[in-house]
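Note: hydrogens, waters and symmetry copies are ignored here, and every other heavy atom, side chains too, is used. Chain letters run A, B, ... following the sequence lines, proteins first, then strands; residues in each count from 1. Not measured: the values here are computed from a predicted model.
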Amino acid sequence: MIQKLLKHIWGWTPMLKISNLQVAYGGIEAVKGIDLEVPEGKIVTLIGANGAGKSTTLRAIVNLVKAKSGSITYHGDELLGLDTTKIVDKGITLVPEGRHVFPDLTVLENLKIGAYMRKDNLDADIQKIYGLFPRLEERSWQQAGTLSGGEQQMLAVGRAMMSRPKLLMMDEPSLGLAPLVVQGIFDIIEALNKEGMTILLIEQNANMALRVADYAYVLETGKITKAGTGRELLADDSIKEAYLGKSHRNK
Amino acid sequence: MVVGMTMETFLQQLINGLSVGSLYALIAIGYTMVYGILRLINFAHGDIFMMAAYFTYFGIAVFFMPWYVTFIITIGLTMLLGITIERVAYRPLRDAPKTSLLISAIGVSFLLENVATYLFSGKPQAFPEFPLMTTPFFIGGLSFQPVSIVIPIVAFILMSALLFIINKTKIGMAMRAVAVDYDTAKLMGIKINGVISSTFAIGSALAAVGAILWCMKYPSVLPLMGVVPGLKCFIAAVIGGIGNVKGAVLGGLILGFSEVLMVAFFPALTGYRDAIAFVILIIILLFLPNGLLGKKQVEKV
Ligand SMILES: Nc1ncnc2c1ncn2[C@@H]1O[C@H](COP(=O)(O)OP(=O)(O)O)[C@@H](O)[C@H]1O
Ligand SMILES: [Mg+2]
C-alpha cells in the first residue's frame, strides 16, 4: 500500500519490475504474462509447484531464455534484450537450479570465477564466505564435483556472493537438501538480507520461504494467482491446502 | 630386435620419434581444445596448418623477409584465420544441431584446400632450407639433425605455457568453465564468444608453430599437405581422450613413436606407415572408449 502511494507521488519504481512477461519454449507457453515487483532491500519469494514457470521467470530476467513479450526493468532500465553478461554486470546474480558449480574447478576457483568481472582484491570476500561456510574452507583445494549436495549449494551461494550482487536470485536452494542444511541456507539468506542485499527466492518449500519473505507471489501454470506478504500467505487456507500440506498449523 | 639395428640407430630413431610425436602433439592440441569448448571436430584444423605452412613459405621464399619476422607474421595470420573461421562458419551455427556444425567444418576444410590449390597451384613448392636446422651434427658417432632436437624443445616449452594458461590464469579458468557449462559461465559474467575466440587463437597458433617446424623437417609445401597430418592428429587427440590437452600430447607422442619405430624395426611395413594410427586408435578405443585420459563423455545439452 505504502509502495503504491509512493509510486504515485514520486514516481517511485521498485528495484526489479516485471510487467506482462511472456515466455514460450516453441509452442509451450511457460510464463503467460506475469507482473512482479522486487523492492530494494526486501526478500521476495515466488512459490509454485513443479513446472509452474518459476525457473523460466528467473532465467528470463538474466536472458538465459528469451522473453516473448513484456518488460523487465532494473532501477527503471529495461533488461530485455541485454546480454546475460551485461545484466550480471548491473549487479544481478542467479544461483541456478541444481547449483551448477563447475565440477572440474576447485572450490577456491569456483569462488574466484564468481568474481570474474571484478578486478580488485578478493581475499576479504573469500574469507567472509569461508567464515559463513567453514566446510568450504576445509575443501578449498578439492574439485567442486566431489562435494556433497549441501556443500555444492553452499558453494553456489558463495560463488554468487563473490560478485557482490545487489539483487541475488536463488532458484530452489533447498532442493534435495537435508532439513538441517536447509535451515542453514535460509539463515544465510536472512543474514545477507540484513546486510542490505535484495533477494528474489524461488521455492517449492513454501513453508520456509514464506516465513523469511517480506512479500510473496504464487505462480500456477504460468500465471500469478496470489500475492501478499509472507505472513498473509502463510495464513491463507488455499495456500495451506496446496503448498503447506494439510497437517500444517500456523502459530 | 631386428638384426642390423645398432644401439646408435635405435637412439636416433627414438629422437626422431620424439620429434615427429611432438609435431603431432602440437597439432592435436588444436583439435582437442576446440572439441572441449564447442564439441566440434574442427575438420579445417589440418588446413589451417597447411595455410600456416604457405604463410611461412611466402614470407621467406617469395617476400624474402627475415625468418623471425616471417614466423611472427605466420603465427599472427594463422591465429586470425582460426578466429575468422569460427566467427564466420561456426558461430552462426552455435545453436544449430551438431551435425550442421560438422558439415560446416568439412565445408571450410574443402574451401581452404581449393582456395590454396587455386592461388598457389597444386604443385608442391620447395620450402627454403634452414641449414642451421638441417645440417647434421655428430655426438659420439650419432648424427642428428638439429631440427629433431629443436622440435621437442619448442613443443615442450609451448605445451608448458599452455598448461600454465589453462590452469593458472583467469582466461584459462574461463575456458575450463565454458567447456562444461555455457549458461552458468555467462552468469559469472564470462563472455563466451571471447573465450571461444581465444581457444581458436591458441589452437591455431600452435598449429602455426607446428607447420613451421614441420616444414623445416619435411621441406615442401602443397595444398593437401594438411590432410594426412590433420587426420592423424585428430586420431592422436581421440587416443589421448578428446577434450583433454595432456591426452592430446600423449596421443601425439604415442603416434609419433609408433610410426617411426615401426618403420625402423620392420622396414617392410614402411608403406603402411600412415595406417598404424588407425590400428592404434582401434585397439585403444576397444579397451578405453574415452581414450587414455578422457573422462566419461557427458553429452552437452
Ligand atoms: N528448455 C525447455 N524446453 C521446453 N520446455 C521447457 C524447458 N524448460 C522448461 N520447460 C517447460 O516450461 C514449463 C515451466 O518450467 P519451469 O520454469 O522449469 O518450471 P518450475 O521452475 O516452476 O518447475 C514446464 O512445463 C516445463 O516443462
Ligand atoms: Mg524450476
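- Within a 6.0 Å sphere centred on OH of A:Tyr25, other residues, nucleotides and ligands contribute more than 12 heavy atoms.
- For chain B, no part of A:Arg99 is nearby; none of its heavy atoms comes within less than 4.5 Å.
- For A:Lys32, the NZ atom sits in a packed shell: over 12 heavy atoms of surrounding residues, nucleotides or ligands are nearer than 6.0 Å.
- No side-chain heavy atom of B:Arg176 sits under 4.5 Å from any side-chain heavy atom of A:Asp104.
- In this structure, CG in B:Leu187 is found 8.0 Å from CE in A:Met169, a value given to the nearest 0.5 Å.
- A:Arg159 is listed as a side-chain neighbour of B:Thr184, based on a closest heavy-atom distance under 4.5 Å.
- Nearest heavy atom pair, residue B:Ala185 against residue A:Phe102, reads N-CZ, 3.8 Å.
- Here the OG1 atom belonging to A:Thr84 is positioned 12.0 Å from the CD1 atom belonging to B:Ile190, to the nearest 0.5 angstrom.
- Considering every non-hydrogen atom in both B:Gly189 and A:Val88, the closest pair reads N-CG1, 4.3 Å.
- Taken to the nearest 0.5 Å, the CD atom of A:Glu109 stands 7.5 Å off from the NZ atom of B:Lys168.
- Although no hydrogens or angles enter the test, the distance criterion places a donor-acceptor pair under 3.5 Å between the side chain of B:Lys170 and the main chain of A:Tyr116.
- Neither the backbone nor the side chain of A:Lys86 comes within less than 4.5 Å of any heavy atom in chain B.
- Annotation: A:Arg118, atom CZ; neighbour count of heavy atoms from other residues, nucleotides and ligands within 6.0 Å is above 12.
- Atom-to-atom distance recorded for A:Asn110:CG and B:Met188:CE is 8.0 Å, nearest 0.5 angstrom.
- More than 12 non-hydrogen atoms from other residues, nucleotides or ligands lie less than 6.0 angstrom from CG of A:Asp120.
- Expressed to the nearest 0.5 Å, how far NZ of B:Lys186 lies from CD1 of A:Ile87 amounts to 10.5 Å.
- A salt bridge links A:Arg59 to B:Asp183: at least one charged side-chain nitrogen sits closer than 4.0 Å to a carboxylate oxygen.
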